[in-house]
Amino acid sequence: MEEKGLQPEFSTAALKEAERLSPAPHGGHGVRDLRGLPWCSIDNDDTRDLDQLTVAEPLDGGVARVRIAVADVDVLVDQGSAIDEHARTNTTSVYTVARVFHMLPERLSTGLTSLNEGEDRRALVVEFVVQEDGATADEDVYPAVVHNRAKLTYTAVAAWLDGAGPLPEGMAGVPELAEQIRLQDAAAQRLRRLRHERGALDLRRNDVHPVLRGNRVEALQNDDSDRAKELIQDFMITANSTMARFLESRRLPSLRRIVRQPRRWDRIVDLARQTGDRLPAEPDSGALSEFLARRRQADPGAYPELSLAVVKLIGSGEYVADLPEDPAPGHFGLAVEDYTHATAPNRRYPDLVTHRILKAALAGSPTPYGSDELRELARHCTEQENNAQKVERQVRKSAAALLLEDRLGDTFRAVVTGASEKGTWVRIFHPPVEGRLERGFQGLDVGDCLTVRLIDLDVERGFIDFARERHG
């Protein structure tokens with residue numbers, strides 16, 4: 001982390017600030033009391049920094065009013081404070097196999113600013129009506145005090161929604177939650193359907209995490225999507241777009257999250273051609289979405305390799321300053337023009353920045369960040385996010401190297417995930433591991449499938465090296 005410009009530990013001043021803090025007051029100008037609603041959180045089994053709660057209300061005509069409560073970190077973390085300076089330096093929490101390096105002191109991120117079960121907490125609430133066709137209306141943003149009735153997990157909720165598991169334990173104690181979750185699921189599916197009709201991409205990122213037993217790495221597990229994860233994802237995408245539109249309507253500067261049009265669209269076109277399909281010569285998210293849907297149906301076994309190649313060719317997201325006089329580009333992967341990050345302020349600094357601008361707009365106060373400062377923040381947050389991902393990736397690869405220590409010489413089916421002057425990288429799928437192709441990389445490009453042999457490992461440095469098997 002230190003090599004990448006990230007601070008692994010908090011300063012003494014930041015820790016002392018955290019110890020002096022008390023729970024945020026419930027009142028305040030414009031703060032609504034929404035503690036009576038059946039709020040719940042749905043997150044990973046081991047998540048302790050809860051950023052969002054959700055609730056839905058049925059309306060006439062088969063539509064639903066959805067409210068998303070996002071933790072109000074700014075109410076306790078002052079701009080320019082020692083805690084804020086640490087968060088601004090790292091810009092993100094860093095999640096490694098062995099330890100989480102929180103962006104905020106744990107007394108806040110898993111305590112005072114976390115929307116914990118059974119606790120009253122301050123939040124920014126994003127509200128919208130999901131209509132029958134998946135479009136949204138009556139959008140609003142406002143501060144509130146909320147109360148989490150149940151801490152639910154993706155695994156349990158997804159199994160229950162699919163009819164493959166019992167009623168989750170946390171739902172059993174709140175009778176109205178079963179109807180709530182079904183209502184939320186139906187609204188999320190309408191949002192998702194419309195988004196895909198508009199060209200949003202359905203891609204598998206093939207993220208993995210090591211499974212530890214004591215100090216031993218026993219497996220690498222895919223973080224597969226499920227119905228509950230999709231529910232929350234659909235709500236968060238809509239919430240982030242709603243907040244971006246809220247700021248744009250007031251002609252205020254903001255930080256936007258974007259994914260630019262793919263620079264290597266020609267290679268995506270070539271991959272489509274290899275399957276007997278066609279894509280237009282110019283980047284078109286709608287056409288790409290339709291192509292991916294056809295391939296997923298035609299050849300589900302090969303779809304993970306194709307999906308991973310497209311993810312790599314599209315490239316990663318970045319932050320940009322969106323200024324009234326200089327509009328930012330949209331998000332290619334989500335097929336939306338207006339998109340920010342504002343739903344995870346306990347673990348992402350851009351979200352905290354967005355909250356401060358939103359709260360200033362609600363109060364009629366001047367924006368707390370000038371145009372030049374926002375531009376620099378966008379650059380810095382993108383850089384630090386990339387650095388954090390490099391740290392996380394290196395530790396994951398060290399864990400993967402431990403798992404593969406007794407498999408030197410084995411062969412695996414793989415797909416090329418990176419090809420440049422710096423080197424060629426491949427991803428094997430069983431177990432899901434990425435490494436460098438040291439021999440036989442000539443003529444290969446992203447998306448090519450091949451057979452590789454594991455030839456070398458360095459656990460400490462996270463190096464995993466393969467050679468191409470010519471007959472593959």
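Because the structure is predicted, anything quoted here is derived from the model rather than measured.
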Against the six-membered ring of W425, is R436 placed for a cation-pi contact (under 6.0 Å from the centre, within 45° of the normal)?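 Checked: cation-pi criterion met.
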Ring-face cation of R257 near Y319 (centre distance under 6.0 Å, axis angle within 45°):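 Judged by the rule (NZ or CZ under 6.0 Å from the ring centre, within 45° of its axis), R257 counts as positioned above Y319.
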Go through the side-chain N and O atoms of [X] and [Y] and say whether any donor and acceptor fall under 3.5 Å apart.
X	Y	result
H147	E119	no
T113	N346	yes
Q189	D185	yes
Q184	T54	yes
S114	N116	yes
N386	E383	no

Does this structure show an ion pair linking [X] with [Y], if we count only N-O contacts that are shorter than 4.0 Å?
X	Y	answer
K312	E434	yes
D51	R348	no
R264	D445	yes
E230	R193	no
R35	D120	yes
D72	R121	no
R48	E106	yes
R356	D84	yes
R379	D372	no
E19	K16	no
D234	R192	yes

Do the side chain of [X] and the main chain of [Y] share a donor and acceptor less than 3.5 angstrom apart?
X	Y	value
E17	S81	no
D458	R461	yes
Q384	G5	yes
R295	A272	no
N90	Q7	yes
D284	G286	yes
T153	D43	no
S420	K422	yes
W265	L313	no
R296	Y303	no

For the student: nearest non-hydrogen atoms of [X] and [Y], plus distance:
X	Y	result
A401	L457	O-CD1, 3.7 Å
K151	S41	CA-OG, 3.4 Å
R227	L161	NH1-O, 3.1 Å
G315	V259	O-CG1, 4.3 Å
A228	I42	CB-CG2, 4.3 Å
V446	A309	CG1-O, 3.7 Å

[X] side chain near [Y] side chain, heavy-atom distance below 4.5 Å:
X	Y	value
V126	R67	no
N387	V391	no
L34	V125	yes
V353	Y369	yes
L6	T91	no
R245	M243	no
I357	L374	yes
R88	L377	yes

Could you please spell out the steps behind the side-chain contact (heavy atoms from CB on, under 4.5 Å) verdict for F128 and D140? CA-CA 7 Å; F128 49 85; D140 201 4; over 6 Å; no
To the closest 0.5 Å, what do you measure between [atom1] ([X]) and [atom2] ([Y])?
X	Y	atom1	atom2	result
E290	S285	CD	OG	10.0 Å
M103	S109	CE	OG	8.5 Å
Q233	T343	CD	OG1	11.0 Å
L53	L37	CG	CG	10.5 Å
Q52	F235	CD	CZ	12.0 Å
F466	I428	CZ	CD1	4.0 Å

List the steps and the verdict of side-chain hydrogen bond (donor to acceptor under 3.5 Å, both in side chains) for T340 and N240. CA-CA 5 Å; T340 187; N240 283 321; 5.9 Å; no
Counting only heavy atoms not in R99 (residues, nucleotides, ligands), do more than 12 fall under 6.0 Å from its CZ?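 More than 12 within 6.0 Å, yes.
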Would you check, one step at a time, whether the test side-chain contact (heavy atoms from CB on, under 4.5 Å) holds for T136 with T238? CA-CA 9 Å; T136 58; T238 306; 3.8 Å; yes
Step by step, work out the side-chain contact (heavy atoms from CB on, under 4.5 Å) result for E139 and E127. CA-CA 6 Å; E139 297 176 344; E127 179 179 316; over 6 Å; no
For H26 and D33, what are the C-alpha separation, side-chain angles and deciding distance, and is it a side-chain contact (heavy atoms from CB on, under 4.5 Å)? CA-CA 8 Å; H26 297 162; D33 189 346; over 6 Å; no
Salt bridge (Lys or Arg N to Asp or Glu O under 4.0 Å) between R256 and D338: does it pass, once the steps are laid out? CA-CA 8 Å; R256 293 296 181 94; D338 305 305; 3.6 Å; yes
Kindly assign one of parallel, tilted or perpendicular to the pair H86 and F10, based on the angle between their ring planes and the thresholds 30° and 60°.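 Ring orientation of H86 relative to F10: tilted.
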